[in-house]
Structure formats: structure tokens, C-alpha cells
Amino acid sequence: MPRIALDSLRLLDFHIFVINRGELLEPLPIADGVAMYADALDRLKRARENRTDLPNEFRRDQASGASHCATLELNGELGGVVWAYDYPAERPIIVLEPGEAELSTSYTMEKFRGRGLYRALLYFATEWQLRERPRLFTIVASNNPTPMKAVYQVGFHEVGVVRRRGIGGPKFSVAKMKAV
């Protein structure tokens with residue numbers, strides 16, 4: 001319990017990133033045995049039928065109404081997910097406009113971490129979504145270093161930061177904003 005109290009007192013920044021069609025960087029190499037699937041909600045639902053150990057991030061369609069995701073498998077085993085929310089989805093930090101989407105709530109299974117799989121899945125999902133629309137957002141918490149590094153490697157650039165100040169729950173104020 002003390003850790004929860006301490007965590008609520010720390011500052012937590014949410015970095016807002018954008019990428020426009022044409023800004024995607026060259027893909028980086030991915031591990032052998034990796035397969036990725038776009039618009040994979042039905043595939044994910046089938047995988048969940050046989051697994052009780054999947055974290056909540058694999059259930060965003062049930063928890064927050066997400067309807068699009070990309071998944072990654074390594075040697076046939078589900079290893080990661082990233083969700084795409086498109087306009088007019090209600091998002092907690094940004095307001096999506098027609099033609100925009102947000103990649104959000106991603107997760108890589110712990111046993112697959114440290115192999116560049118998150119970056120590969122983020123690249124794949126970004127490429128998939130930019131075929132559908134001209135602009136894409138993602139938001140990364142400052143305490144999450146892997147996505148913070150990966151978004152730059154894919155081609156996203158930071159356009160703003162929202163600060164959460166501890167005590168009393170989340171309170172957001174825009175700390176800085178650049179023209180998009």
C-alpha cells in the first residue's frame with residue numbers, strides 16, 4: 001500500500017506524439033519466427049478462449065470499446081498487442097478529428113520483452129493505420145521507457161506533454177504544445 005501512495009505523489013507526464021502519412025521511417029529488422037496481424041480482433045478473441053493468463057491490455061475491446069488491434073506472435077504464440085482507436089472514439093487525453101486515430105494500450109508479454117518486438121509491432125500497426133488515414137497519434141507515459149524510445153524509431157514526433165500532478169487523482173494541465 002505505501003508504494004501506491006508514493007506513486008500517486010510523483011509527477012507523471014504523458015507525451016503526445018504524432019506521425020503523418022509519409023513520415024514512417026525505414027523498418028528495422030525483426031526476429032525470426034515473428035508474425036504480425038492487422039485488424040486482428042477476431043484472432044485475439046480466439047486466442048483468449050484458450051488463455052486465462054492474458055493481462056487486461058489484451059481485453060480493451062471489453063474494457064474500453066476498442067474495435068481494432070494488431071497482434072504479434074512469436075513462433076505461433078501470442079506475444080503482443082496494440083490497440084487502434086479511430087474517430088469518433090472518445091479518448092481520455094486527445095480529441096480525435098475525422099481521419100485520425102490513436103494507437104494506444106499496447107502490451108508485450110513479459111517472456112518476449114527485450115527482443116525489439118514492441119517496436120516491430122508499433123511499426124507494423126503504424127504502417128497499417130497510415131494506409132487508412134493521414135495522421136496518427138500515440139501517447140506515452142514518462143515512466144515507460146521502451147515505448148518512449150520506440151516511437152522515435154518508427155517516425156513519430158512529440159507535439160505536446162500533459163502533466164499529471166499527484167494527490168487527489170488525475171488532474172491534467174497542458175504543459176507545452178507545439179503546432180501540429
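Within the 6.0 Å centre-distance limit, the rings of Phe17 and Tyr152 are counted as a close aromatic pair.
Under the 4.5 Å side-chain criterion, counting only non-hydrogen atoms from C-beta, Tyr118 is not in contact with Lys149. Counting heavy atoms from C-beta on, the side chains of Phe58 and Arg51 never come closer than 4.5 Å. Within the 4.5 Å cutoff, the side chain of Phe124 has no heavy atoms near those of the Ile30 side chain. Side chains of Leu41 and Trp83 form a contact here, defined as non-hydrogen atoms less than 4.5 Å apart. When side chains are defined from C-beta on, Asn20 does not count as touching Pro134, because their heavy atoms never get closer than 4.5 Å. Contact of the Tyr37 side chain with the Leu44 side chain is not registered, since no non-hydrogen atoms from C-beta on lie closer than 4.5 Å. In this structure, the side chains of Glu127 and Val154 stay at 4.5 Å or more apart for every pair of heavy atoms.
To the nearest 0.5 Å, atoms OG1 (Thr105) and CZ (Arg59) are separated by 14.5 Å. How far CD1 of Ile93 is from CZ of Phe137: 12.5 Å, rounded to the nearest 0.5 Å.
Under the 4.5 Å side-chain heavy-atom criterion for ILVMFWY residues, a single connected hydrophobic cluster contains both Leu121 and Leu24. No single ILVMFWY cluster, assembled from side-chain heavy atoms under 4.5 Å apart, contains both Leu136 and Tyr87. Under the 4.5 Å side-chain heavy-atom criterion for ILVMFWY residues, a single connected hydrophobic cluster contains both Ile94 and Val159. In the hydrophobic clustering of this structure, Leu12 groups with Ile139; members are Ile, Leu, Val, Met, Phe, Trp, Tyr whose side-chain heavy atoms approach within less than 4.5 Å, directly or through other members. Following chains of ILVMFWY side-chain contacts shorter than 4.5 Å, one can reach Leu122 starting from Met36, so the two form part of one hydrophobic cluster.
For the residue pair Ala125 and Val82, the shortest heavy atom distance occurs at CB-CG1, 3.4 Å. Listed here is the closest heavy atom pair of Ala47 and Leu78: CB-CD2, 4.1 Å. In plain terms, the two heavy atoms of Gln129 and Ala101 that are nearest each other are OE1-CB, 3.7 Å. Val162 approaches Ile16 most closely through the heavy-atom pair CG2-CD1, 3.8 Å. For Leu117 against Leu72, the heavy-atom pair with the smallest separation is O-CD1, 3.7 Å. Residues Tyr85 and Leu96 approach most closely at O-CD1, 3.5 Å, considering heavy atoms.
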Could you give me the CA-CA distance, side-chain angles and deciding distance for Lys45 and Asp61, then say whether side chain to side chain contact (heavy atoms under 4.5 Å, CB included) is met?
CA-CA 10 Å; Lys45 286 178 180 179; Asp61 56 314; 3.6 Å; yes
From CA spacing to verdict: side chain to side chain contact (heavy atoms under 4.5 Å, CB included), Arg43, Glu73
CA-CA 11 Å; Arg43 184 178 198 84; Glu73 294 178 8; 3.1 Å; yes
Please report the C-alpha distance between Arg115 and Leu74 in whole Å, then the side-chain angles of each, then the deciding distance to 0.1 Å, and finally whether the side chain to side chain contact (heavy atoms under 4.5 Å, CB included) criterion is met.
CA-CA 11 Å; Arg115 302 181 195 186; Leu74 181 59; 2.9 Å; yes
Mind running side chain to side chain contact (heavy atoms under 4.5 Å, CB included) on Glu77 and Lys111 for me, showing each step along the way?
CA-CA 11 Å; Glu77 186 178 346; Lys111 74 184 216 175; 3.0 Å; yes
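A cation-pi geometry, defined here as NZ or CZ lying under 6.0 Å from the six-membered ring centre and within 45° of its normal, holds between Arg113 and Tyr107.
A search for side-chain hydrogen bond (donor to acceptor under 3.5 Å, both in side chains) contacts involving Glu132 returns nothing, not counting sequence neighbours.
Each of Glu23, His157, Glu158 was compared with Val18 under the side chain to side chain contact (heavy atoms under 4.5 Å, CB included) criterion, and only His157 meets it.
A donor-acceptor pair under 3.5 Å is formed between the side chain of Arg21 and the backbone N or O of Arg133.
Side-chain polar atoms of Gln153 and Tyr123 form no donor-acceptor pair below 3.5 angstrom. Donor-acceptor pairing under 3.5 Å is recorded for the side chains of Arg91 and Ser104.
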